[in-house]
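The next block holds one structure in the form of structure tokens; read it before the comments.
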Amino acid sequence: MDKGDKIYVAGHRGLVGSAIVRRLQADGYDNLLLRTSKELDLREQAAVRAFFAEKKPDYVILAAAKVGGILANDTYPADFIYDNLMMEVNIVEAAHRHNTKKLLALGSTCIYPRMAPQPLKEEYLLTGPLEPTNEWYAVAKIAGIKLCQAYRRQYGCSFIAAMPTNLYGPGDNFDLKNSHVLPALIRKFHVAKENGDASVTLWGTGKPLREFLHVDDLADACLFLMENYDDEEIINIGVGEDLSIAELAGIVRDVVGFEGEIVYDASKPDGTPRKLVDVSKITGLGWHAKTGLRDGVAQTYQWFLDNQAELRGVG
Ligand SMILES: NC(=O)C1=CN([C@@H]2O[C@H](COP(=O)(O)OP(=O)(O)OC[C@H]3O[C@@H](n4cnc5c(N)ncnc54)[C@H](OP(=O)(O)O)[C@@H]3O)[C@@H](O)[C@H]2O)C=CC1
Ligand SMILES: C[C@H]1O[C@H](OP(=O)(O)OP(=O)(O)OC[C@H]2O[C@@H](n3cnc4c(=O)[nH]c(N)nc43)[C@H](O)[C@@H]2O)[C@@H](O)[C@@H](O)C1=O
């Protein structure tokens with residue numbers, strides 16, 4: 001990608017989109033196309049076609065999606081499957097129609113079967129039943145993969161699909177019902193410390209294992225793939241190690257400085273027991289994550305403190 005190329009970052013205000021924009025701007029790309037969901041609802045085919053007809057992006061990074069944690073996915077299946085399918089179908093079709101040079105679609109590691117062998121290799125896709133709490137979102141994400149592969153096969157489009165593991169960092173969603181676990185832990189421990197609460201309640205059993213990649217590392221991986229990957233097959237993006245939710249809670253509690261107890265609400269779902277990705281494909285290309293989890297949590301907590309006034313999902 002040249003610095004003056006028209007790069008459309010769909011979902012530029014989100015956790016991922018904002019990190020990608022930060023990185024592109026830092027690298028001197030000065031022709032970014034950015035639209036909020038109010039300016040351009042990607043579920044509306046006519047609006048998406050009109051935008052592409054007018055702007056004709058050279059490159060597209062699809063970081064727009066209906067995203068949420070385990071409870072949101074389990075509660076709003078229709079929203080998660082409909083919104084994500086519509087956004088992917090509209091963007092991929094319009095990108096082909098208007099000759100986008102390359103498109104990167106972001107999936108998620110929830111596309112893999114609930115009980116697939118670990119670590120998860122790309123070829124495990126569609127080899128078993130999905131995790132019930134987010135199968136609707138997962139099916140939409142799998143459709144996104146198939147869209148990229150179909151347009152590559154039929155029209156030779158350079159459309160690629162990457163599967164990031166769980167992400168965290170600046171710009172995350174801190175809503176206690178709809179967010180992912182790491183931002184929820186930061187907010188819960190922070191509020192409990194400020195209030196002098198005796199305990200914090202977390203969901204499930206604390207036993208599931210999860211892998212966490214800092215979003216700035218993801219942005220680095222996305223630009224790396226835009227320059228170095230052009231293949232039909234999906235590619236995982238992760239750190240290659242995981243920990244239990246209980247261990248993660250210990251790290252966040254220490255970073256925040258909460259000294260009370262942790263209580264688990266077993267009425268909430270655990271979700272998939274583990275989803276550690278195999279990163280040998282992307283590390284084989286020369287990319288690896290750089291941010292350690294504790295440092296990443298500390299940096300994110302500082303960002304949380306510095307941005308209290310405008311946190312997503314708070315207030
Ligand atoms: N967060 C995570 O842990 C992981 C995320 N991913 C993937 O990364 C991508 C981005 O996720 P993340 O950054 O966390 O999500 P966020 O919820 O932080 O951001 C999503 C963005 O999508 C935009 N959006 C949502 N609906 C529409 C719509 N109808 N029309 C236009 N834009 C819309 C929003 O725009 P606006 O702000 O203008 O409303 C928002 O900026 C997704 O594809 C997700 O599947 C993959 C693995 C893990
Ligand atoms: C990225 C990935 O993220 C989602 O999958 P998930 O990893 O299961 O999502 P999660 O981060 O919300 O939960 C991780 C674990 O953490 C536990 N947990 C404890 N206490 C809280 C808590 O307070 N909030 C949340 N959200 N989880 C909690 C929770 O019970 C679970 O065991 C997919 O829906 C989908 O969006 C997707 O692709």
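These numbers were taken from a predicted model, which means no experiment stands behind them.
The two residues Lys141 and Glu88 have their closest heavy-atom pair at CA-OE2, 3.8 Å. Minimum heavy-atom separation, Met115 to Pro273: SD-CG, 4.0 Å. For the residue pair Gly204 and Tyr264, the shortest heavy atom distance occurs at O-CB, 3.3 Å. Taking each heavy atom of Gly206 and Asp270 in turn, the nearest pair found is N-OD1, 4.1 Å. Closest heavy-atom contact between Glu241 and Glu211: O-CG, 3.3 Å. Here the shortest heavy-atom pairing between Leu213 and Asp217 reads CD1-CB, 3.6 Å.
The distance from the CG atom of Leu225 to the CD1 atom of Ile160 is 5.5 Å, given to the nearest 0.5 Å. To the nearest 0.5 Å, atoms CD1 (Ile186) and CZ (Phe174) are separated by 5.0 Å. Taking OG1 from Thr201 and CG from Asp265, the interatomic distance works out to 7.0 Å, rounded to the nearest 0.5 Å. Rounding to the nearest 0.5 angstrom, the gap separating the CD atom in Gln118 from the CG atom in Asp242 is 7.5 Å. Atom CD1 of Ile81 sits about 13.0 Å away from atom OH of Tyr137, to the nearest 0.5 Å. Atom CG of Leu104 sits about 12.0 Å away from atom OG of Ser158, to the nearest 0.5 Å.
Each of Arg187, Glu194, Lys188 was evaluated against Val191; a single residue qualifies, Arg187, per the side-chain contact (heavy atoms from CB on, under 4.5 Å) test. If you run side-chain contact (heavy atoms from CB on, under 4.5 Å) between Lys121 and each of Asp278, Asn236, Val277, Thr127, only Asp278 comes through. In summary, of the residues considered (Met163, Lys281, Glu123), a side-chain contact (heavy atoms from CB on, under 4.5 Å) with Ile234 occurs for Met163 alone.
The aromatic ring centroids of Tyr155 and Tyr151 lie less than 6.0 Å from each other.
A continuous path of hydrophobic side-chain contacts links Leu311 to Phe189 [ILVMFWY only; heavy atoms under 4.5 Å]. In this structure, Val139 is a member of the same hydrophobic cluster as Leu120, with clusters built from ILVMFWY side-chain heavy atoms closer than 4.5 Å.
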* Start with the C-alpha gap between Leu209 and Leu276, add the side-chain angles, then the distance that decides, and say whether side chain to side chain contact (heavy atoms under 4.5 Å, CB included) holds. => CA-CA 8 Å; Leu209 296 163; Leu276 173 66; over 6 Å; no

* Asked: How far apart are the C-alpha atoms of Val181 and Phe212, what are their side-chain angles, what is the distance that settles it, and do they pass the side chain to side chain contact (heavy atoms under 4.5 Å, CB included) test?
  -> CA-CA 10 Å; Val181 61; Phe212 296 96; 3.7 Å; yes

* Can His96 and Gln154 be said to form a side-chain hydrogen bond (donor to acceptor under 3.5 Å, both in side chains), step by step? -> CA-CA 11 Å; His96 158 61; Gln154 186 167 335; over 6 Å; no

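When the shell of 6.0 Å around NZ of Lys290 is examined, it contains more than 12 heavy atoms from other residues, nucleotides or ligands. Sparse packing is recorded around CD of Glu259, with 12 or fewer heavy atoms of other residues, nucleotides or ligands lying under 6.0 Å away. Counting heavy atoms of neighbouring residues, nucleotides and ligands inside a 6.0 Å radius, atom CH2 of Trp203 exceeds 12 of them. Within 6.0 Å of atom CD in Gln308, more than 12 heavy atoms from other residues, nucleotides or ligands are found, so the atom counts as buried in its surroundings.
Side chains of Val239 and Val279 form no contact here, defined as non-hydrogen atoms less than 4.5 Å apart. Proximity of Asn228 to Trp287: side-chain heavy atoms (C-beta onward) are nowhere separated by under 4.5 Å. Annotation: side chain of Val297 is not in contact with side chain of Leu185 (no heavy-atom distance under 4.5 Å). For the pair Leu24/Leu223, a side-chain contact is recorded, criterion being any heavy-atom separation below 4.5 Å from C-beta on. Using a 4.5 Å heavy-atom cutoff, the side chains of Leu106 and Pro164 are in contact. Side-chain contact between Pro170 and Val215 is present, with heavy atoms from C-beta onward closer than 4.5 Å. Within the 4.5 Å cutoff, the side chain of Ile7 has heavy atoms near those of the Met1 side chain. Proximity of Leu34 to Val21: side-chain heavy atoms (C-beta onward) are separated by under 4.5 Å at one or more points.
Side chain of Thr283 to main chain of Ser280: a donor-acceptor pair is present (N/O by atom type, distance under 3.5 Å, no hydrogens or angles). Put simply, the side chain of Asp295 never gets that close to the backbone of Thr291: no donor and acceptor are under 3.5 Å apart.
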Could you pull out all donor-acceptor pairs under 3.5 Å where a side-chain atom in residues 50-72 meets a protein atom, sequence neighbours excluded?
unit_1, atom_1, unit_2, atom_2, d
Lys56, NZ, Ala53, O, 3.4
Lys56, NZ, His98, ND1, 3.2
Asp58, OD2, Lys6, N, 2.7

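A salt bridge links Arg23 with Asp220: at least one charged nitrogen is closer than 4.0 Å to a carboxylate oxygen. For the pair Lys3 and Asp30, the salt-bridge criterion is not met [side-chain N within less than 4.0 Å of a carboxylate O]. Between Arg22 and Asp216 a salt bridge is recorded (basic side-chain N to carboxylate O distance below 4.0 Å).
For the residue pair His180 / Tyr168, no side-chain donor-acceptor distance below 3.5 Å is found, with atom types taken as modelled.
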